[in-house]
Amino acid sequence: VETKLKPNSSAHIVVHDNVMGSGKTTAMFNMMEKILKYDLSARFIYVSPLLKEVGGYRVKKDGKPTGDYQLGRVQERLPEYCFRFPLSTGEGKTRAMMDLIATGENIACTHSCFQGLTKDDIVIIERSGYTLIIDESIDAYDTLAISKSDLKMALGYGSLVVGENNSLTWNTIEQPIDEIDSVWQSELANICENHSAWLIDGQVVLSEFPMPLLKSFESVEVMTYMFEATTMAAWCKANGVTVVKSDVLLQFGMRTEDSIKSMIKDKIRLYQPKSRKNFALSYNWWTNAKKSTLDTLTTQAYNFAKSVNRLDGITADDMIVTCPKNKWFTDTETNTGKGKARGKQYSKATWVPNTCRATNEYSDKRAVLYMSNKSPSPMLTKHLSSIDVSMNRTDYALSELLQFVWRGCIRKGKAMHLYIMNQELEKAFSIWLDNDVVYTQQVEDCLSITLPQLEFKLLLQQVKSA
């Protein structure tokens with residue numbers, strides 16, 4: 001029995017919006033296995049933020065890398081379908097991935113490798129008929145590290161031209177791309193060629209994932225949670241991409257959100273001191289916080305650490321914490337030195353960046369100290385506002401918090417202490433945990449399944465009746 005996936009010509013993505021711990025990645029592997037078994041023409045590119053998921057990192061022996069490469073979870077789960085990981089041979093992993101695409105291999109790669117693709121790769125991808133599986137939504141926007149003086153020079157010489165809505169184009173007549181010998185200019189010129197760069201406030205270049213690349217795939221499936229709170233959702237709105245919600249993974253072993261919440265409700269031990277001071281904990285707050293304010297913060301964090309030690313014998317070794325890195329360490333290059341956010345009882349806790357995703361590395365940690373309150377970047381917010389696209393700040397902050405909370409032992413269904421030091425964020429978390437309302441924004445005009453998934457359902461029916 002053979003089925004063909006429909007070309008992604010209408011620019012839509014399928015979103016599997018399911019809570020952490022529901023087993024959506026395992027369920028996706030199960031679905032991919034069925035498709036690959038019954039459709040010999042099917043080809044997949046699986047993209048994850050973690051090397052442990054996609055493989056391709058050096059095996060170490062006695063602390064030193066060997067000549068062997070470690071398999072990822074996708075290769076271990078689907079060994080007969082030979083998911084290849086790109087290996088750099090001098091031109092980078094993205095170019096190595098394009099070599100694999102050209103030969104029609106099933107591929108597994110990281111987000112950073114995938115986001116190195118350019119418009120020059122579109123023709124080959126279109127011809128190859130790949131289904132793209134993205135585990136955790138990609139960061140669709142980024143700011144380029146270009147100094148103000150370099151940017152001013154490029155604008156002044158006419159190499160860089162500002163157009164409608166502050167979009168940027170590279171003047172290839174003034175400075176042909178193949179003649180550029182500067183790394184930052186080459187990077188900027190290629191992004192401009194993808195029609196994916198904007199000038200913000202005359203001093204910052206914002207880049208986005210190039211829209212034509214998404215359309216070059218046969219089908220695009222994204223696994224995440226609270227998709228509407230992500231920058232990828234904003235990117236979809238900005239580019240007119242239709243978002244289609246799907247629950248098809250429930251047929252392949254994924255658990256429901258209700259079952260996950262019922263499992264963790266009595267195991268999340270939320271620390272709510274009677275006397276407390278609220279802290280904004282935004283980037284600007286941390287930048288401008290006075291010593292007296294930080295002293296109050298560290299005292300409250302100390303009280304939490306003391307409380308969980310008294311209740312369950314939890315020490316700093318059992319705790320993860322997040323806050324700006326330069327507030328936890330005085331030397332952020334070597335991760336040493338006691339920063340201003342560290343206090344008694346919890347100073348030796350494991351600092352983890354608040355961007356941490358999809359890892360089991362900290363699943364033995366029994367306490368989480370959340371000293372953060374993330375917002376979308378002001379430059380991104382300004383750009384989106386100029387094109388009438390908005391992001392809900394509360395939903396964004398809550399989604400970032402939930403991802404971090406799931407790094408601890410709650411992901412194993414074990415009891416875990418949690419202190420959310422911003423009270424508004426704590427309230428949002430409590431509402432999420434206690435109610436069926438997941439978050440405030442909803443995707444408009446959602447369908448339950450995509451055409452490819454509908455075909456797959458029909459295919460399974462044919463196989464069962466055969």
Side-chain angles (χ1 to χ4, degrees), residues 19-23 225 255 257-279 281 294-323 325 327-329 335 338-354 356-373 397-435:
V19 70
M20 297 74 61
S22 59
Y225 186 56
R255 290 178 289 176
E257 181 164 324
D258 286 345
S259 69
I260 299 297
K261 284 186 177 179
S262 64
M263 179 187 73
I264 68 169
K265 265 184 182 179
D266 297 330
K267 294 179 179 178
I268 291 279
R269 297 171 183 174
L270 196 58
Y271 179 71
Q272 296 174 303
K274 293 179 180 179
S275 176
R276 65 189 289 185
K277 181 177 175 64
N278 193 29
F279 306 101
L281 301 177
L294 292 174
D295 286 345
T296 304
L297 175 125
T298 55
T299 297
Q300 289 188 190
Y302 161 73
N303 289 337
F304 167 66
K306 188 169 63 173
S307 172
V308 297
N309 179 260
R310 184 180 70 253
L311 290 170
D312 283 328
I314 292 173
T315 67
D317 290 336
D318 301 312
M319 186 184 301
I320 56 174
V321 59
T322 194
C323 66
K325 189 176 183 179
K327 301 300 178 182
W328 191 255
F329 303 108
N335 291 350
K338 184 177 176 181
K340 295 179 179 179
R342 293 165 78 167
K344 291 187 297 182
Q345 196 88 16
Y346 69 94
S347 182
K348 294 184 179 180
T350 301
W351 178 86
V352 178
N354 59 12
C356 185
R357 293 282 189 280
T359 177
N360 292 319
E361 187 175 351
Y362 310 104
S363 59
D364 61 330
K365 302 299 183 182
R366 296 188 290 150
V368 172
L369 176 57
Y370 197 76
M371 296 196 286
S372 183
N373 186 17
L398 176 60
S399 68
E400 294 293 313
L401 164 67
L402 290 172
Q403 288 286 349
F404 193 86
V405 166
W406 244 262
R407 298 317 107 212
C409 68
I410 195 65
R411 68 185 292 111
K412 292 183 176 179
K414 296 182 179 179
M416 189 181 79
H417 294 270
L418 172 63
Y419 185 18
I420 305 168
M421 299 196 74
N422 175 270
Q423 287 178 277
E424 289 78 16
L425 192 51
E426 179 201 277
K427 182 179 178 181
F429 175 81
S430 297
I431 292 172
W432 172 85
L433 188 61
D434 293 335
N435 296 339

Please answer whether the main-chain N or O of [Y] pairs with a side-chain N or O of [X] as donor and acceptor at a distance below 3.5 Å.
X      : Y      : result
Lys365 : Gly408 : no
Ser347 : Lys344 : no
Ser307 : Asn303 : no
Arg255 : Gly21  : yes
Trp351 : Cys323 : yes

(message) Within a 6.0 Å radius of atom CG on Asp266, are there more than 12 heavy atoms belonging to other residues, nucleotides or ligands?
(response)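 Not buried by this count: 12 neighbours or fewer within 6.0 Å.
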
(request) Report the C-alpha separation of Trp432 and Val19 in whole Å, then their side-chain angles, then the decisive distance to 0.1 Å, and conclude whether the side-chain contact (heavy atoms from CB on, under 4.5 Å) test is met. (result) CA-CA 11 Å; Trp432 172 85; Val19 70; 3.9 Å; yes

(message) Would Gln300 and Tyr271 count as a side-chain contact (heavy atoms from CB on, under 4.5 Å) here? Give the steps.
(response) CA-CA 11 Å; Gln300 289 188 190; Tyr271 179 71; over 6 Å; no

(request) State, to 0.1 Å, how close Thr299 and Asp295 come at their nearest heavy-atom pair, and which atoms those are. (result) OG1-O, 2.8 Å

(message) How close do Ser430 and Leu270 get, counting heavy atoms only, and between which atoms?
(response)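 Where Ser430 meets Leu270 most closely, the heavy atoms are OG-CD2, 3.5 Å.
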
(request) Step by step, work out the side-chain contact (heavy atoms from CB on, under 4.5 Å) result for Asn373 and Met421. (result) CA-CA 9 Å; Asn373 186 17; Met421 299 196 74; over 6 Å; no

(request) Can you tell me which residue pairs pass the salt bridge (Lys or Arg N to Asp or Glu O under 4.0 Å) test with a partner in residues 301-317, sequence neighbours excluded? (result) Arg269-Asp312

(message) Going by salt bridge (Lys or Arg N to Asp or Glu O under 4.0 Å), name the pairs with one or both residues in residues 405-429, residues two or more places apart or in two chains.
(response) Arg276-Glu426

Note, [X] side chain near [Y] side chain (heavy atom, < 4.5 Å):
X      : Y      : value
Val352 : Val321 : no
Tyr419 : Val308 : no
Tyr370 : Val405 : no
Ser372 : Phe404 : no
Glu257 : Tyr225 : yes

(request) Apply the test side-chain contact (heavy atoms from CB on, under 4.5 Å) to residues Ile320 and Leu369: give CA-CA distance (whole Å), side-chain angles for both, the deciding distance (0.1 Å), then the verdict. (result) CA-CA 6 Å; Ile320 56 174; Leu369 176 57; over 6 Å; no

(message) Nearest 0.5 angstrom please: Ile268 CD1 to Met416 CE, how far?
(response) 4.0 Å

(message) To the nearest 0.5 Å, what is the distance between OG1 on Thr296 and CG on Asn278?
(response)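 One gets 12.5 Å once the value is rounded to the nearest 0.5 Å.
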
(request) Please name all residues satisfying side-chain contact (heavy atoms from CB on, under 4.5 Å) with Ala367, sequence neighbours left out, ordered by chain then number. (result) Phe304, Ile314, Met319, His417

